[in-house]
Amino acid sequence: MEQGHIFFDMDGTLMDTGLGITKAVQYSLKRMNIIENDLDKLKPFIGPPLHETYTKLYNFSTEEYYTALEAFHEYYRKKGIFEARHFPHMQETLAALKEAGKKLYVATSKPEPEARIVTDKFGLDRYFEYVGGSDGDYNTQRATKADVIRYVCEENNLSDMEDIIMVGDKSHDVFGAREVGMKSIGVLYGYGDYDELSKAGADYICDTVLDLKKLLLE
């Protein structure tokens, strides 16, 4: 692809972080006297801002959200953040892109300190020019994916949106890219699906990491 700068979402795109996130949500719901034994039902929490999903799925008030969020972080920061794994072929893909001269960046809704812990812990930091994330979990300056994308652009003096493409597994990644005027690639190996990504307007959709690698290196 002609774009020289590639932005990657983290959860469900760079890393399979689902187990840690869903277990942290499970822990937080228990604090709210809600028992959920099926972690698959909590997968909608992977990717979008937490406030949005707690509100949408459980109709939490702001006060209830903050109580749940405190419990979520109680689990996630001690244990859940490390309950993750590499997607097959992701490291070789990142290495090939960097060798080809592409500049790589993380743009995630995960709070930035946590995103940096994940990239460092799992050996991804060597591939990225910058790791950018949200500045909190609700009502902050970088509360949406578009806000995060703009922030990463500003921090790296990037202004040509035609030279940047966003890679993500959820509609939020596609909508965020469209809002700032850049193209996007939806990936199906994460937690989104074809209908979600196509309806959001993804410019390209890839089934696997190797498909993504091939497309980005064309």
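Source: prediction; values computed, not measured.
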Notebook entry, point to check: By side chain to side chain contact (heavy atoms under 4.5 Å, CB included), which residues pair with Leu39, not counting sequence neighbours?
Noted result: Leu19, Thr22, Lys23, Gln26, Leu42
Show me, pair by pair, the donor-acceptor contacts under 3.5 angstrom made by side chains of residues 4-12, not counting sequence neighbours?
residue, atom, partner, partner atom, Å
His5, ND1, Tyr105, OH, 2.8
Asp9, OD1, Lys145, NZ, 3.3
Asp9, OD2, Thr13, OG1, 3.0
Asp11, OD1, Thr17, OG1, 2.7
Asp11, OD1, Lys110, NZ, 3.2
Asp11, OD2, Lys110, NZ, 3.3

Next item on the list: Using the test side-chain hydrogen bond (donor to acceptor under 3.5 Å, both in side chains), find all partners of Ser171 that sit at least two apart in sequence or belong to another chain.
Entry: Glu196
Next item on the list: Under the ring pair (Phe, Tyr, Trp, His ring centres under 6.0 Å) rule, collect the residues that match up with His86, sequence neighbours excluded.
Entry: Phe122
What side-chain donor-acceptor pairs closer than 3.5 Å can you find for residues 176-187, not counting sequence neighbours?
residue, atom, partner, partner atom, Å
Arg178, NH1, Ala200, O, 2.8
Glu179, OE2, Arg150, NH2, 2.9

Check: Would Arg116 count as a cation-pi partner of Tyr130, with NZ or CZ less than 6.0 Å from the six-membered ring centre and within 45° of the ring normal?
Finding: yes
Check: Is there a path from Met166 to Leu97 through hydrophobic residues (I, L, V, M, F, W, Y) whose side chains come within less than 4.5 Å of each other?
Finding: no
Check: Going by side-chain heavy atoms closer than 4.5 Å, which hydrophobic residues are tied to Tyr27, directly or by a chain of links?
Finding: Tyr75
Notebook entry, point to check: With sequence neighbours left out, what residues match Lys30 under side-chain hydrogen bond (donor to acceptor under 3.5 Å, both in side chains)?
Noted result: none
Next item on the list: Could you pull out all residues at least two apart from Glu70 that satisfy side-chain hydrogen bond (donor to acceptor under 3.5 Å, both in side chains)?
Entry: none
Notebook entry, point to check: What residues, two or more places apart in sequence or in another chain, satisfy side chain to side chain contact (heavy atoms under 4.5 Å, CB included) together with Asn33?
Noted result: none
Next item on the list: Can you tell me which residue pairs pass the salt bridge (charged side-chain N to carboxylate O under 4.0 Å, His left out) test with a partner in residues 86-108, sequence neighbours excluded?
Entry: Glu92-Lys213
Check: Side chains of Tyr189 and His89: closer than 4.5 Å at any heavy-atom pair?
Finding: no
Margin query: Can you confirm whether Leu215 sits close enough to Glu218 that some side-chain heavy atom of one is under 4.5 Å from a side-chain heavy atom of the other?
Written below: yes
Checklist line | Residues that Glu129 engages under side-chain hydrogen bond (donor to acceptor under 3.5 Å, both in side chains), provided they are two or more places apart | finding: none
Next item on the list: Please list, chain by chain and in numerical order, all residues satisfying side chain to side chain contact (heavy atoms under 4.5 Å, CB included) with Lys56, sequence neighbours excluded.
Entry: none
Margin query: In terms of relative ring orientation, are Tyr58 and Phe60 parallel, tilted or perpendicular, with 30° and 60° separating the classes?
Written below: tilted
